[in-house]
Participant: 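Structure incoming, see below.
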Amino acid sequence: MSSSIEQTGTDVPAGTDVPAGTDVAADRVVVFDTTLRDGEQAPGIALAVAEKIEIAEQLARLGVDVIEAGFPAASPGDFEGVQAIAQGVKGSAIAALCRTRAEDVDRAWEAIKDAQHPRIHTFISTSPIHRDKKLRMTREQVLAETARAVAQAAAYTDDVEFSAEDATRTELDFLVDVFTAAVENGATTINVPDTVGFAMPREFVEILDAVRARVPGADRVMWSVHCHNDLGLATANSLAAIRAGVRQVEVCVNGIGERAGNTALEEIVMALRTHAPTLGFTTGVNTREIARTSRLVSMLSGYSVQPNKAVVGGNAFSHESGIHQHGVLMERTTYEIMNPEDVGLAGNRIVLGKHSGRHAFVDALRTLGMTLDGPALDRTFARFKDLADRKVSLTDGDLFALATEESGSSSSATGETWSFQWLAVAGGTDTAPRATVRLGRGEESVEADGTGDGMIDAACNAVAKAAGVDANLIAFQVAAVTPGSDAVGDVSVQVEVAGQRVSARGVSTDVVEASARAFLNAVNKVLGGTAVARRTDKP
Ligand code: KIV
Ligand code: ZN
């Protein structure tokens, strides 16, 4: 099966940096998205399989070339997620990460073998500190492992990526030897990760120039970079690498990932687009899907986007000072280098009100790129009606938040899971907070009271009692979906349920209710068996 990335575009001109034998045009940058792998490694993120599929489908719609779907050897949940994406998501290549261990490579292939375009991505640490302290391996052992694992992967597929973890802190001669072994044994993409975000643009380019000049066969492979943001330089380093001739960048939506995160997809794509007249690079990304993808990842991961975040932050296109506002009113480009519509921010259009019917509702969801049916649609429509009673007008953002919560939740009250029926809270500065909640399951209906440090704590304790589980709130975050005092609050929680840590979301115009719903959604993930256990051995 051919697994090279299909590109539209012009023929590769002679003498360019693009490897012979790939279909990639010289000016085309391959976008490798690792939101579901490196992004999911950010503390507190634990996506259920259905959530991973939802994100992967949106990434394919966004037009990324490669989706790194996970690390199948890490846990059965990871394997299941990668396999489901490989089997169901079309249009992008699907990559699975694996260490160089033989059983890891086998497991990666097993998970992705049904993909339209499967890619095995194997890696090993190469820096002295990682070799000595983490792997306890000699250089010779690392070289042998690289050669063996890449050859094993290449026997499965003709699309094999090799990464030298902590490449930027590796002795240059040894890095050249490792990459040479990978190319000789069949790697088709060579990735140079700045694993700890240590590099600076000029030094990074020097490393890239050196390895690309010295590795025999360098012109036959795709060169890639994977930058972390510990010094806030991930985007700058990735752009410098592209200008130096690298043609694959590894990125995450909203820049999520280990520690300070990875290079932000939206920043790279919009920087290349904004500077296209001088740099001349293109990507396959449909930029109008950027805002929607950002919102989806933020909602499902529970990582809200900082207001001043480049491209997708709430303030990225707001103008506060009078001088700026005046300028933008006269001519938008006085203070805006990008058009908000180009990233899919058409503004918060009012879409529906309390008199809107089911057809209009389904239509509005379709416009937002969401299709719900069956019980999920019934639940979401009922919630919409309830919300429309409390809030005069509903925007795209409100609908999106509601539908994402309902489609991602297992609150259909079937089997083991519970549905939220109502909540009452009481308390004040001089009164102890108290909450009563009613949950339903089939014919069963249970009410329970809870007390706590505050109303939210009391409501969550009442939910845990009614559901009959031992559950504790670990982390809590609230964001307003839209401006205004009747804004829909979007609450993300991390909850420990029966010893298992899960994240979930809930939305409502009432923050206490949104919190109770989020808490219940987390409990339901564990009761319904859709939670993914946290891994301890991630790279
Ligand atoms: O940061 C890193 O080095 C990685 C590799 C596994 C590519 O995530
Ligand atoms: Zn990484």
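Numbering of ligands and ligand atoms starts at 1, following listing order. When reading the values below, keep in mind they use all heavy atoms of this one structure, side chains included, and skip hydrogens, waters and symmetry mates.
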Participant: Nearest 10° is fine: what angle sits at the Zn ion (ligand 2) between NE2 from H228 and OD2 from D38?
Facilitator: 100°
Participant: For ligand 1, note which part of D38 has a heavy atom under 4.0 Å away: side chain, backbone, both or neither.
Facilitator: side chain
Participant: With a 4.0 Å heavy-atom cut-off (strictly under), which part of R37 contacts ligand 1: side chain, backbone, both or neither?
Facilitator: side chain
Participant: So, is T195 polar-close to ligand 1, with some N/O to N/O distance under 3.5 Å?
Facilitator: yes
Participant: Which of these passes side-chain hydrogen bond (donor to acceptor under 3.5 Å, both in side chains) with S163: H226, H121, E250?
Facilitator: H121
Participant: Got a sec: does the CZ of F174 have more than 12 other heavy atoms crowding it under 6.0 Å?
Facilitator: yes
Participant: Geometry only, no angles: is H226 polar-contacting ligand 1 at N/O separations under 3.5 Å?
Facilitator: yes
Participant: Relative to each other, are the rings of W223 and F179 parallel, tilted or perpendicular (30° and 60° limits)?
Facilitator: perpendicular
Participant: Kindly confirm or rule out an N or O of H228 lying under 3.5 angstrom from an N or O of ligand 1.
Facilitator: yes
Participant: Measure from NZ or CZ of R107 to the centre of the six-membered ring of F79, then state whether that distance is under 6.0 Å and the direction lies within 45° of the axis.
Facilitator: yes
Participant: Which atoms of ligand 1 are found less than 4.0 Å from any heavy atom of S163?
Facilitator: 7 (C)
Participant: Taking it one step at a time, do T35 and D33 satisfy side chain to side chain donor-acceptor pair (under 3.5 Å)?
Facilitator: CA-CA 6 Å; T35 306; D33 181 277; 2.8 Å; yes
Participant: Is it the case that atom CD1 in I474 sees more than 12 heavy atoms from other parts of the structure closer than 6.0 Å?
Facilitator: yes
Participant: Find all atoms of ligand 1 within a distance of less than 4.0 Å from any non-hydrogen atom belonging to E165, and give their numbers and elements.
Facilitator: 3 (O)
